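The structure under discussion appears below in the form of structure tokens.
As the structure is a prediction and not an experimental result, all values here were calculated from the model. In listed order, ligands and their atoms are each counted from 1.
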Amino acid sequence: MTIGIVAVQGAFLEHEKMLDRLGVEYAELRQKSDLEREYDGLILPGGESTVQGKLLKELDMFDTLKKWIDGGIPVLATCAGMILLADKLSNDDKHYFQSIPMTVRRNAYGRQMGSFHTSARFGDKGNIPMTFIRAPFVEAAAPEAEILSVVDSHIVGVRYKNQIALAFHPELDDDLTVHKTFLEMI
Ligand code: GLN
């Protein structure tokens, strides 16, 4: 099994460390030629969604990745990754893969609450640590989307088909629950 990690910008190294700990192989997806082989799963890391979206288009990687996602490859998307999967952004005209029927608000916590750490439920796996950095949250999700996590009455984790989208950064904490759950989906 090999996971493709989108590595054009952002916190991809931290996801690699998690997969190292789980003994799972991965490859960095940095350019179009990295998409010439098949992967068993896809990770979209945190970072800056506008920059990532722009780079993926400039590098001519976007359409192939969209085809993979629409074709059902298991996806773990964190923070900026969640923004890339949203059908709609409430405070931005842009849209990217639009593979999850949900409306996401970018930088939803404002400047005061720019970054914070907490712990909350993740699906049926109990509480896990959660680190938020200029995070989005989900303003509305279609009924077919399963709500995995809620913090302060905002949806911060969603599963739709075999895509997991999280507003927080599981790769920045020690806990491997999220990555294990993702691998179980494959
Ligand atoms: N604020 C970033 C964005 O809008 C997301 C932040 C993150 O990935 N840590 O893309």
Between F137 and F132, ring centroids under 6.0 Å: no
Beyond-backbone contact of V158 with I164, side-chain heavy atoms, under 4.5 angstrom: no
Output field: ring centroids F97/F62 closer than 6.0 Å: yes
Ion pair K54/E58, N-O distance below 4.0 Å: yes
Qualifying salt bridge (charged side-chain N to carboxylate O under 4.0 Å, His left out) pairs, either residue in residues 63-91, two or more places apart: K66-D70
Amino acids contacting ligand 1, non-hydrogen cut-off under 4.0 Å: G46, G47, E48, S49, C79, A80, I83, R106, N107, I133, R134, H169
Lys/Arg N to Asp/Glu carboxylate O, R21 vs E16, below 4.0 Å: no
